[in-house]
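Beneath this line is the structure, given in structure tokens, with notes to follow.
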Amino acid sequence: MGSVQIVTTILAAAITAVAVWLAVRAVMQMVAVVRLGQPDPSRSTDVGARTKVMLAETAGHTRMLRWSVVGAAHWFVMVGFVVLSLLVLEAYFEVVSPTGGLPLVGGWALYGLLTEAIGILGTISILVLIGIRVRNRPTRTGGKSRFTGSTMWQGYFVEAVVLAVLVMGFVIRGFKVATDHFAYPTWATPLSHAVGAVLPDWENGVSIAALIKISISMTWVIVIALNVTMGVAWHRFLAFPNIFFKREPAEANSGLGALRPMTSQGKPLDFEEADPETDQFGVSQVEQFTWKGLLDFSTCTECGRCQSQCPAWNTGKPLSPKLLILSLRDHAYAKAPYLLAGGGKDLTGEEKATAAQLAHVDVLALAEAEKPLVGDAESGGVIDPDVLWSCTTCGACVEQCPVDIEHVDHIVDMRRYQVLIESSFPSEAGVMLRNLENKGNPWGAPPNTREDWTKGLDFEVPRVGEVEDFEYLFWVGCAGAFEDRAKKTTRAVATLLHEAGVSFAILGEGETCSGDPARRIGNEFVFQMLAQQNVETLNEVFEGREPAKRKIVATCPHCFNTLGNEYGQLGGEFEVVHHTQLLAHLVAGGKLTPVQPVDGGVTYHDPCYLGRHNRVFAPPREVLGSAIGGGTGDAGLIEMPRNSERSFCCGAGGARMWMEERIGKRINVDRVEEAMSTGAKTVAVGCPFCSTMLNDGVNGKGAGEEVEVVDVASVLLRSVRPE
Ligand code: SF4
Ligand code: SF4
């Protein structure tokens, strides 16, 4: 070993030792923070399915590849990171000796080819990602970038390190070529040979270049170890457990669908026994999120995909799902020293730690602990109430997040505390909650008018109890029973079912609100009250029927979602379909025949709770395709730029239907402008709330005469029964 190699070896060993020590300390710190969260036993089930999904989403980049160029570039960088870690390891042999190489695979042409190819593609890919970050930097786009609010230096730093490590790999190989110590043939490593052709015959160059490569890599480790909230770097490791522990591993879009039940100490809360002095009601302190919540916050890569799709952020509201997650992350880590010293408030608000326990806690951590989790700027709150109440629970953030962060659950958990304990929520929504409690519907309509929509139909609508048997229970929903536009949809669906010879029955006055608006606003108490009543009624109706025959058809995606996905949490297992699914089935089976094509152009707005939350994208399009073209197929349907998974909310979800929209542009207006830009004369919807919002938007723009917003069922009915 020459004197240069002695120096390079000592320096490489020293910087590596420091980096490893800091990295171990950082990992222990992060584990300690995540462990502060509440238990969640549901995360350890289905290990096989979890492993499969984790591998598909990481190795296959199934979510990232939806963003084609970025996804492909990120895939090569990720693969490059894994494979080229071997080259960093190899550099440790090269600082010791210029002829050093990896044992076993070193010198194997296939290994040389693989690393060369990944090195080249990784370099091109990281340059693409740097280009995208620079082009979309917030200062250039006037803040309208998915990176707005991200810590830009961290992204640039990580990308610069990746680029430098890749480049140094070729420099090391080049020196080996120039000194004739390179074992791989030119056909397998053409770039390395090209670099070697311009480098001098200098053996020490190999060891010095290897030291530079190790130093850059270890500097990266040191920087991220000193910045445990640097998600843009840590997600390389944390994405694996975060995806593995997602809540429904077997489902494609597992962060959506059913809302998680309210839990205390990992157990679902039953309001008949729950006590706010001993049970946690929602989340009012960051440590009251589950450990998976804290892992979510730690894993955020700050990529901003969620932000770019969020209807609230896109219309000038203060809510960005990314910034919400980052605020919770920064707060959790800043408060952690206080919590780890034994600090924290019990459920009555009393401090748990003794003065002696807190004596050595940093003042900044103590100050952080005093911040309310939800509060305005004046009170120093971590999350502003306007942020919390701007969410429509549309799920675009969850859908887009490449590391499966569950934003909606966290938002609703914070709302639950605000509503149930603080009684703090937009006052106008109070009327809706009172109506739910007193009248069983958000409008406060007299329950005995639930069947009024049946008046004037040219056939008798069967009621449960009046008919011997029926295949489907038609769940009309509150909007379908009381709201004028939605009543037209209800009548259209009933007419089409009658026309197709489907045997169905309604509950009539036996129905009450599904509880969706109460649950989304955070009032789990009212939700459980309504849901239990409905589950009891439905279980009675379907008594003796096997689960697959407990069929319900619903016109409202919120009812469809709640009955189908959430009533199981209260002992109600039903087979629920949306009316567009059933109608598509009836058209395909020849039970309904469209005869008159609907003209003027039709576009379709995907309701969030039908599309993103439940993956029902094709059936409404099939129905419309048949009505437009006089047959099945989707010819003639004009898609909006934001459709299907990337559909833009109408603004009514998350109980926003019953809240004023005071900040920014109205979400429904934004969506209507997009719909009108297609030139379609008919905007078809599959949800009574979307119908109200988009109708209001069209009328607000003074376009009520030219553009009609109407349910898919009504479009089909016009085609089936042109008269
Ligand atoms: S659910 Fe929708 S509105 Fe709420 S934060 Fe996510 S994207 Fe924004
Ligand atoms: S999409 Fe996910 S990882 Fe990206 S910024 Fe949003 S929460 Fe973070």
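Just so you know, ligand 1 is whichever comes first in the structure, and atom 1 is the first atom listed for that ligand. Hydrogens, waters and symmetry mates play no part in the numbers below; they use all other heavy atoms, side chains included.
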- Using the test side-chain contact (heavy atoms from CB on, under 4.5 Å), find all partners of S284 that sit at least two apart in sequence or belong to another chain.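 S284 satisfies side-chain contact (heavy atoms from CB on, under 4.5 Å) with Q288, Y417 only.
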
- Message: Ring-plane angle category for H558 and Y609, please: parallel below 30°, perpendicular beyond 60°, tilted otherwise.
- Response: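 Ring orientation, 0 to 90° scale: tilted.
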
- Take the angle between the ring planes of F297 and H410 and call it parallel below 30°, perpendicular above 60°, tilted in between.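 Correct class here is perpendicular.
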
Is a donor on one side and an acceptor on the other found under 3.5 Å between the side chain of [X] and the backbone of [Y]?
{"X": "N242", "Y": "L238", "result": "no"}
{"X": "T290", "Y": "G293", "result": "yes"}
{"X": "Q528", "Y": "L269", "result": "yes"}
{"X": "D376", "Y": "S379", "result": "yes"}

Can you give me every donor-acceptor pair (side chain of residues 329-336, partner residue at least two apart or in another chain, under 3.5 Å) with its distance?
residue, atom, partner, partner atom, Å
R329, NH1, T229, O, 2.8
R329, NH1, E302, OE2, 3.1
R329, NH2, E302, OE2, 3.2
H331, ND1, E368, OE2, 2.8
Y333, OH, S298, OG, 2.7
K335, NZ, Q285, OE1, 2.8
K335, NZ, E287, OE1, 3.0

- Query: Can you count the protein N, O or S atoms that lie less than 2.8 Å from atom 4 (Fe) of ligand 1?
  - Reply: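 For atom 4 (Fe) of ligand 1, the figure is 1.
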
- Find the distance between CD (Q569) and OG1 (T562) and round it off to the nearest 0.5 Å.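 It comes to 10.0 Å.
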
- Item | Nearby protein N/O/S atoms (those under 2.8 Å) for atom 4 (Fe) of ligand 2, with water ignored |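 Only C303 SG fall inside 2.8 Å of atom 4 (Fe) of ligand 2.
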
